[in-house]
Amino acid sequence: MNATVVYWIAFMAIFIIVYGIDLYVTSHRKEEITVKTALSWSAVWISVALAFGASFYFLIPQNQGSSLPTGPVLMTKFISGYLTEYSLSVDNLFVFILIFSMMGIQPSNQPKLLKLGILISVLLRILFILAGMGLVEKFHWIIYLFGLILIWTAYKMAFTKEDENVNPKSNILYKGASKLFPIDPDLHSPHFFTRINGKLHLTNIFLALLVIGSTDILFAVDSIPAIIGVIKEGVNGVLTLSEENFLAISSNLFAVMGLISLFFALKGIMGMFRYLKTGVSFILLFIGMKMLFSSVDAVADFFARHSWCSLAVIVATLLISILLSVLIAKSEGSGKFHDKVSQAKEGVKGAEHKGMGRFMQ
């Protein structure tokens, strides 16, 4: 049994265990999940993913005929792909939160939609990765098309507001279902379908699921070129196709593990990630440009021999974007506090002035 097969078995076992724990924790807690608890669980899942990636460095044997060390290349590619896909998944969660808000989904119905949305995302990503990797292997020029898609996605992400992209009533699946079936007037029904006077009705949460499913397709279209760009750049003859497929799928699915916990954290601290979207758009631009210039021997050779460089750019970009978000949120909070203090002082001075006027009278 070769190392890739062993890692496939280990990955599937970890994924099932982590997803099961995440489902259990979020489904069986009687009290509301706090931001602190959600962040703690998220930190655990991130640590598991990074430890899994780090193990490549020590446990993967060297591929014969490869001029570069296989283990370190696998490790840097996995972590780079994981961080890129995780940041895209966080942006995906922001869209879920926006959909829930715009469609008036009750908090009690949100976990059910969230779990189904993540499962749909998992299936779509696996299908798109296998198709995309196969196409690039047969038609190398497609990697340049993927590069252009990433650059366009980066532009769209940087200069378009989320609520301009997510309008449930303009969604083609939403409109189609609304025309074919009557809609249950009870917006807070926990069921996907109901019968009223013997007639089948769609509910609000089923329509929300359709909107979430369509956004999952869009996110898969955006994320697959990104992971292919990370895995494919500068590693010709270093990794086998089976190793590349494993890296692409495992890093993608590790990125969606623990998203249920993270969802509850993001609801409480969305302001802390104000500039994450800008950071992710820069990462996509960086990957897209590398894909476009992969035909230049000097560029391809540089990133092949310095695969850590891409990882450094991704980590630095995410850290800077989150740090800026936190610092600016704090300064704005401080500014609001000072405004309130000033208003209070003016109120006190006004009261003293009125009191002094009365005294003089």
Side-chain angles (χ1 to χ4, degrees), residues 1-22 44-86 89 121-123 125-138 140 143 223-258 287 290-291 294 300-312 314-315:
M1 189 181 296
N2 63 33
T4 304
V5 174
V6 173
Y7 264 97
W8 267 116
I9 296 170
F11 163 69
M12 288 187 287
I14 292 171
F15 183 82
I16 292 170
I17 291 170
V18 170
Y19 194 74
I21 292 174
D22 209 31
V44 170
W45 305 143
I46 292 172
S47 300
V48 169
L50 294 178
F52 185 83
S55 70
F56 294 140
Y57 187 94
F58 304 100
L59 302 179
I60 291 291
Q62 178 68 21
N63 285 343
Q64 293 182 355
S66 173
S67 59
L68 296 173
T70 306
V73 169
L74 278 167
M75 181 188 71
T76 53
K77 293 294 179 188
F78 175 87
I79 296 176
S80 297
Y82 168 72
L83 292 176
T84 301
E85 295 299 326
Y86 193 78
S89 296
S121 177
V122 166
L123 294 174
R125 289 181 184 217
I126 292 174
L127 291 174
F128 281 29
I129 285 171
L130 293 176
M133 296 290 274
L135 285 173
V136 171
E137 194 69 17
K138 288 184 178 180
H140 183 75
I143 202 163
S223 68
I224 299 316
I227 192 62
I228 290 175
V230 170
I231 303 301
K232 284 287 188 182
E233 55 99 13
V235 291
N236 290 333
V238 178
L239 303 179
T240 65
L241 180 59
S242 62
E243 287 171 337
E244 290 178 349
N245 285 336
F246 173 72
L247 280 180
I249 292 174
S250 61
S251 59
N252 240 285
L253 298 195
F254 261 113
V256 300
M257 286 195 306
I287 297 171
K290 283 197 306 176
M291 294 170 83
S294 62
D301 185 65
F302 174 82
F303 285 108
R305 297 188 177 281
H306 304 86
S307 55
W308 57 267
C309 186
S310 296
L311 177 58
I314 292 169
V315 171

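- Considering CZ of Phe58 and CE of Met75, their distance stands at 7.5 Å, rounded to 0.5 Å.
- The distance from the CD1 atom of Ile227 to the CD atom of Glu244 is 11.0 Å, given to the nearest 0.5 Å.
- In this structure, CD1 on Ile129 lies 12.0 Å from CZ on Phe246, to the nearest 0.5 angstrom.
- No donor-acceptor pair under 3.5 Å is formed between the side chain of Ser80 and the backbone N or O of Lys77.
- Here the side chains of Ile79 and Leu83 are in contact, with some heavy-atom distance below 4.5 Å.
- Heavy-atom minimum distance, Pro61 versus Thr70: O-CB, 3.8 Å.
- The two residues Glu85 and Asn252 make their nearest non-hydrogen contact at OE1-OD1, 3.3 Å.
- Here the closest heavy-atom approach between residue Gly81 and residue Ser251 is recorded as C-CB, 4.1 Å.
- When ring centroids are compared, Phe254 and Tyr86 stay outside the 6.0 Å threshold.
- A distance of 10.5 Å separates OG1 of Thr76 from OH of Tyr57, quoted to the nearest 0.5 Å.
- Inter-residue side-chain proximity for Ile60 and Tyr7 is flagged as met; some heavy-atom pair is nearer than 4.5 Å.
- Going from atom OG1 of Thr4 over to atom CZ of Phe11 covers 13.5 Å, rounded to the nearest 0.5 Å.
- The shortest side-chain heavy-atom distance between Tyr82 and Ile46 falls under the 4.5 Å cut-off.
- For Phe52 against Ala10, the heavy-atom pair with the smallest separation is CE1-CB, 4.5 Å.
- Atoms CD1 and CG, on Ile231 and Leu74 in that order, are 8.5 Å from each other to the nearest 0.5 Å.
- Within the 4.5 Å cutoff, no side-chain heavy atoms of Val230 are placed close to those of Leu247.
- Side-chain contact between Arg125 and Val256 is present, with heavy atoms from C-beta onward closer than 4.5 Å.
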